[in-house]
Amino acid sequence: MNVTSAAVATAVSFVWLGMVLAISFLEAPLKFRAPGVTLPIGLGIGRLVFQALNLIEALLALVLIAAVALGGPPASVGALTAVSVLLLAVQLAVIRPRLNRRSDRVLAGEALPRSRAHLFYVATETSKVLSLLALGISVLTA
């Protein structure tokens with residue numbers, strides 16, 4: 001991979017990784033433990049935060065795709081880029097709409113049982129963390 005593309009891909013991979021770790025695995029669970037944060041308030045904050053995170057993730061994914069495409073990457077870098085972007089696409093196109101519909105119902109006062117869609121989101125988020133970590137390391141060692 002050429003030096004400029006590798007530098008951009010590495011930076012984007014690790015910035016994206018840091019954002020996901022900070023928001024999904026730190027902020028998201030902690031906000032519900034804060035004094036005075038009710039379920040509706042927590043859901044409202046979570047939706048706003050995840051909308052912003054997902055927008056930035058989509059922009060980072062586009063930059064990453066461009067850097068990798070222009071850099072002449074080894075197959076491992078191309079594959080890990082594709083996996084990371086595909087996981088984000090699944091979250092945005094499949095899982096998040098279900099979670100948004102569910103949170104709309106909860107915010108409207110409906111009492112609902114626990115959702116498996118949230119578990120799928122956590123599983124894809126964990127997979128994305130692992131793929132971004134592997135991607136950043138692969139670019140550094142390529």
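The figures here come from the full heavy-atom set of this structure, side chains too, leaving out hydrogens, waters and symmetry mates. FYI, the numbering just counts along the sequence from 1.
- L17 is connected to V8 through a chain of hydrophobic side-chain contacts under 4.5 Å among Ile, Leu, Val, Met, Phe, Trp and Tyr, so both are in one cluster.
- With rounding to the nearest 0.5 Å, the separation of CD in E110 from CG in D104 is 10.5 Å.
- Listed by first then second residue, pairs satisfying side-chain hydrogen bond (donor to acceptor under 3.5 Å, both in side chains) with a partner in residues 72-88 read S84-S131, not counting sequence neighbours.
- Within the 3.5 Å criterion, the main-chain N or O of L21 finds no donor-acceptor partner in the side chain of S24.
- Here the side chains of K31 and V49 are not in contact, with every heavy-atom distance at 4.5 Å or above.
- Between L107 and L43, the shortest heavy-atom distance links the atoms CD2-CB, 4.2 Å.
- Two different hydrophobic clusters hold L55 and L132 under the rule that ILVMFWY side chains link at heavy-atom gaps under 4.5 Å.
- Among residue pairs with one or both ends in residues 7-25, none qualify as salt bridge (charged side-chain N to carboxylate O under 4.0 Å, His left out); sequence neighbours excluded.
- Evaluated for a side-chain contact (heavy atoms from CB on, under 4.5 Å) with T10, the options L64, I137, V15, V139 yield exactly one hit, V139.
- With hydrogens and angles disregarded, no donor-acceptor distance shorter than 3.5 Å links the side chain of S5 to the backbone of M1.
- One hydrophobic cluster, built from ILVMFWY side chains closer than 4.5 Å, holds both F50 and F25.
- The line from CG of N54 to CG of L92 is 4.5 Å long, rounded to the nearest 0.5 Å.
- With rounding to the nearest 0.5 Å, the separation of CG in L135 from CZ in F14 is 8.0 Å.
- Applying side-chain contact (heavy atoms from CB on, under 4.5 Å) to W16 and the options L88, I56, V63 leaves one that passes, L88.
- The shortest distance between side-chain heavy atoms of V85 and I65 falls below 4.5 Å.
- Grouping the Ile, Leu, Val, Met, Phe, Trp and Tyr side chains by contacts below 4.5 angstrom, directly or via other members, places I23 with V12.
- In this structure, S138 and L80 approach most closely via the heavy-atom pair OG-CD1, 3.4 Å.
- Scanning both residues, N2 and L70, for their nearest heavy atoms gives ND2-O, 3.4 Å.
- The nearest pair of heavy atoms linking V68 to G78 is CG1-CA, 4.3 Å.
- The side-chain heavy atoms of L39 and F32, taken from C-beta on, include a pair separated by under 4.5 Å.
- The CE atom of M19 sits 7.0 Å away from atom CD of E57, with the distance rounded to the nearest 0.5 Å.
- For R47, the CZ atom counts as densely surrounded, since its 6.0 Å shell holds more than 12 non-hydrogen atoms of other residues, nucleotides or ligands.
- Screening R102, R96, R98 against N100 for a side-chain contact (heavy atoms from CB on, under 4.5 Å) leaves a single residue, R96.
- Here the shortest heavy-atom pairing between V129 and V20 reads CG2-CG1, 3.7 Å.
- Listed by chain and number, the residues in a side chain to side chain contact (heavy atoms under 4.5 Å, CB included) with V37 are A34, I41 (sequence neighbours excluded).
- Using a 4.5 Å heavy-atom cutoff, the side chains of V94 and F120 are not in contact.
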Review point. What's the verdict on side-chain contact (heavy atoms from CB on, under 4.5 Å) for I45 and E27, showing C-alpha distance, side-chain angles and the deciding distance?
Key: CA-CA 10 Å; I45 293 168; E27 182 276 339; 4.0 Å; yes
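- Distance CD/E125 to CG/L53: 7.0 Å, rounded to 0.5 Å.
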